[in-house]
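Take a look at the structure below.
This one's a predicted model, so the numbers in the text were calculated from it and none came from an experiment. Order of the sequence lines fixes the chain letters, A, B, ..., with proteins taken first and strands second; residue numbering starts at 1 for each chain.
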2 protein chains.
Amino acid sequence: MTARTPADDAPDGVVHVDGVAGRPQGRESGREIPEATVARLPIYLRALTSLADQGTDTCSSEDLAAAAGVNSAKLRKDLSYLGSYGTRGVGYDVAYLRYQIAREIGLTQDWPVIIVGIGNLGHALANFSGFRSRGFSVVALLDADPQRHDELVAGLPVRPFDDLERIVAGQGVSIGVIATPAVAAQDVADKLVACGITSILNFAPTVINVPDGVDVRKVDLSIELQILAYHEQRKAIPATAADGGLDEEVTA
Amino acid sequence: MTARTPADDAPDGVVHVDGVAGRPQGRESGREIPEATVARLPIYLRALTSLADQGTDTCSSEDLAAAAGVNSAKLRKDLSYLGSYGTRGVGYDVAYLRYQIAREIGLTQDWPVIIVGIGNLGHALANFSGFRSRGFSVVALLDADPQRHDELVAGLPVRPFDDLERIVAGQGVSIGVIATPAVAAQDVADKLVACGITSILNFAPTVINVPDGVDVRKVDLSIELQILAYHEQRKAIPATAADGGLDEEVTA
DNA sequence: CGGTGTGAAGCGGTTCACAGCT
DNA sequence: AGCTGTGAACCGCTTCACACCG
């Protein structure tokens, strides 16, 4: 929840088990999963897919953690929020765990997505195969520029932005991607929200404001580079004021 | 530091002031800035640029926080790590603060960057104007596919991957962008590191391993969508097993 | 015995609330 | 009087270490 939602830490009150009591595994329906954990589930999913592809059918938390680039304690803690899907002394069944994570994220269904702003980046996103292969399908491309209309991009015609409402309603779209220039982003976001979109992935280099209940995630290319630059700059300083050590040559 | 660096929380030991004592403002050279703060500095920088463009020359922490999409307490705390660049009872001088942040991030110099993998995404990145305008210049485009060599993208010829070492050494490049397919990413990363690159921005949907001292940041498009899907799925559940409420229809 | 699942400790970041400067 | 700068409380995430189970 990027859009200010400290409100959803509502206590569950009586956690009513949603089936027969004494289930061996699985998680009660309403349990809260920490945001940091949610952000890693897709990584585990990918790692599991990779393991499955190379023929592994069982793995330890250590194995999976290595494949996902985290430490095993964190991995086990994360998985424990979903339920007990491992076997003590053995490990995890790759296919089974993979399914459970996919279900938790909501990838057992297909999510229709629209992309607004078909410039260089919009093109690349429309052609990105990783979306479709992970349960998302790009159902429409929109652009305000009439010159681009009906041009085919990744097999889809670019449509006028005014078609937004019809498309969203007709296809039941709840996720929108903004790949417009910064100046247009807030306006586009407002219209997406007005049409009923409740999740936005924003590539425009600007902060967008949305009402409560709408999630925004942003991907900002130049910010990532700036963060790297900060660290890079510090590396460049000969002996970064660390612990004494070699400051004999300071005056050299 | 994405690449496991709990090692760099080395204590500063004696913090030797780098000039005359009793400076009115400014920060001793070696002070640690929290990673979370570093990640927000580029946002503040952008907000300040935006304020400057619209003619504002002074702003309060409240104003700037609103423009950056954070709360003012966090903003003031963040800025306090840099030094005391505001005036109590007045606020911040936009141009001055902007310069100080830019200097802190290391944007007073220009950073040469190379992009490896000139597919759809690589194209978009090469053409992305936000890099150049923020102190980065793309100095070379590399691709393993001979068919693409010498093709002009954003005014630069695509060069064979084997030219890597010559380019990095010749241009003093320390930041590399990976926009290759996942299978190639680890191999490319290894070669970048071998040539002396110490910061990597990875767009390939895979975990890459690098030695200590090398920073990696990743941008993963489908992971962002998956995180949105998780929250979207939960919104869809009528009354998310919150506090009792309407579970009459459970058996319906 | 081996590896999962988890309470408890530790740590970093956020928020609060106010002292202190202009 | 107003707004910054900051100690202190608070909160959530990570790490540790081990009980527990197959």
Side-chain angles (χ1 to χ4, degrees), chain A residues 1-2 4-11 22-28 31-41 43-44 56 58-66 68-94 96-97 100, chain B residues 1-2 4-11 22-28 31-41 43-44 58-66 68-94 96-97 100-101:
Chain A
M1 297 275 175
T2 311
R4 206 82 30 213
T5 18
D8 66 350
D9 49 13
R23 278 272 199 58
Q25 60 208 161
R27 179 181 60 86
E28 331 312 331
R31 177 121 296 95
E32 275 310 322
I33 298 181
E35 192 57 34
T37 296
V38 170
R40 281 187 295 266
L41 292 180
I43 302 174
Y44 302 152
T56 312
T58 296
C59 68
S60 68
S61 63
E62 203 67 56
D63 299 335
L64 183 52
V70 302
N71 68 53
S72 63
K74 190 186 284 183
L75 174 85
R76 287 201 304 279
K77 181 66 113 179
D78 282 341
L79 295 184
S80 77
Y81 291 116
L82 311 189
S84 292
Y85 294 130
T87 307
R88 291 175 196 235
V90 179
Y92 302 92
D93 181 279
V94 172
Y96 181 60
L97 181 57
Q100 293 300 342
Chain B
M1 299 273 175
T2 311
R4 205 85 27 215
T5 16
D8 68 349
D9 50 12
R23 277 272 198 60
Q25 60 208 162
R27 178 181 60 85
E28 330 313 331
R31 176 121 296 94
E32 274 310 320
I33 297 181
E35 191 57 34
T37 296
V38 170
R40 282 187 295 266
L41 292 180
I43 301 175
Y44 303 152
T58 295
C59 69
S60 67
S61 63
E62 203 66 55
D63 299 336
L64 183 52
V70 302
N71 68 53
S72 63
K74 190 186 284 184
L75 174 84
R76 288 200 304 279
K77 181 65 110 178
D78 282 342
L79 295 184
S80 78
Y81 291 116
L82 311 189
S84 291
Y85 295 130
T87 308
R88 291 174 198 236
V90 179
Y92 301 92
D93 180 278
V94 172
Y96 181 60
L97 181 58
Q100 293 300 341
I101 293 179

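- Ranking dC13(D), dC16(D), dT4(D) by closeness to the Glu35(A) side chain, first place goes to dC13(D).
- Listed nucleotides dC13(D), dT14(C), dG5(D) differ in distance to Ala36(B); the shortest reach to its side chain belongs to dT14(C).
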Q) Given the rule in the side chain to side chain contact (heavy atoms under 4.5 Å, CB included) test, do Asp78(A) and Val70(A) qualify, once you have shown the distances and angles that lead to the verdict? A) CA-CA 11 Å; Asp78(A) 282 341; Val70(A) 302; over 6 Å; no

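- Asp93(B) has its CG atom 15 Å from the C1' atom of dT4(D), to the nearest Å.
- Side-chain contact between Leu79(B) and Leu75(B) is present, with heavy atoms from C-beta onward closer than 4.5 Å.
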Subject >> Step-by-step side chain to side chain contact (heavy atoms under 4.5 Å, CB included) determination, Asp63(A) to Thr56(A) >> reply: CA-CA 11 Å; Asp63(A) 299 335; Thr56(A) 312; over 6 Å; no

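- Nearer the 5' end of DNA chain D, as judged by each residue's closest nucleotide, is the contact made by Ser60(B), out of Thr37(A) and Ser60(B).
- Taking atom CD of residue Gln100(B) and atom P of nucleotide dG5(D), one finds them 12 Å apart after rounding to whole Å.
- Remark: Thr87(B) pairs with no residue by the side chain to side chain donor-acceptor pair (under 3.5 Å) rule, at least two apart or across chains.
- Between Asn71(B) and dT14(C), a side-chain N or O to OP1/OP2 separation shorter than 4.0 Å is absent.
- The distance from atom CG of Asp63(B) to atom P of dC3(D) is 9 Å, rounded to the nearest whole Å.
- In this structure, Glu32(B) places its CD atom 15 Å from C1' of dG13(C), rounding to the nearest Å.
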Just the table, please: protein N/O against nucleotides 19-22 of chain D N/O, every pair under 3.5 Å.
unit_1: dC20(D); atom_1: O2; unit_2: Arg88(A); atom_2: NH1; d: 2.9
unit_1: dG22(D); atom_1: O4'; unit_2: Arg88(A); atom_2: O; d: 3.4

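- Within the structure, a side-chain polar atom (N or O) of Ser61(A) is placed less than 4.0 Å from OP1 or OP2 of dT4(C).
- Residue Lys74(A) contributes atom NZ, which lies 17 Å from atom C1' of dT6(C) at whole-angstrom precision.
- When the side-chain nitrogen and oxygen atoms of Tyr81(B) are compared with OP1 and OP2 of dT14(C), none of them lie within a distance under 4.0 Å.
- Residues Ser72(B) and Arg76(B) meet the side-chain proximity criterion, which asks for heavy atoms closer than 4.5 Å.
- Remark: Tyr92(A) is in phosphate contact with dG5(C), judged by side-chain N or O atoms under 4.0 Å from OP1 or OP2.
- When all heavy atoms of Ser80(B) and Lys77(B) are compared, the pair lying nearest together is OG-O, 2.6 Å.
- In the set dT14(D), dT15(C), dC18(C), the nucleotide with an atom closest to the side chain of Arg76(B) is dC18(C).
- Here the CG atom belonging to Leu82(A) is positioned 7.5 Å from the CG atom belonging to Leu97(A), to the nearest 0.5 angstrom.
- Candidate nucleotides dC16(C), dA8(C), dT4(D) were compared by shortest atom distance to the side chain of Lys77(A), and dA8(C) ranks first.
- The two residues Val94(A) and Cys59(A) come nearest to each other via the heavy atoms CG2-SG, 4.1 Å.
- Across the helix from dC1(C)-dG22(D) to dT22(C)-dA1(D), the helix axis at one end is tilted relative to the axis at the other end by 0° (nearest 10 degrees, each axis from five pairs).
- Atom CG in Leu79(A) sits roughly 16 Å away from atom P in dG3(C) (whole-Å rounding).
- Here dT4(C) presents its P atom at 13 Å from OH of Tyr44(A), a figure rounded to the nearest Å.
- Heavy atoms only, all atoms of each residue included: Tyr92(B) and Ser60(B) are closest at CD1-C, 4.3 Å.
- Residues Tyr44(B) and Leu64(B) share a closest heavy-atom pair of O-CD1, 4.3 Å.
- Rounded to whole Å, atom P of dT6(D) lies 11 Å from atom CG of Leu82(B).
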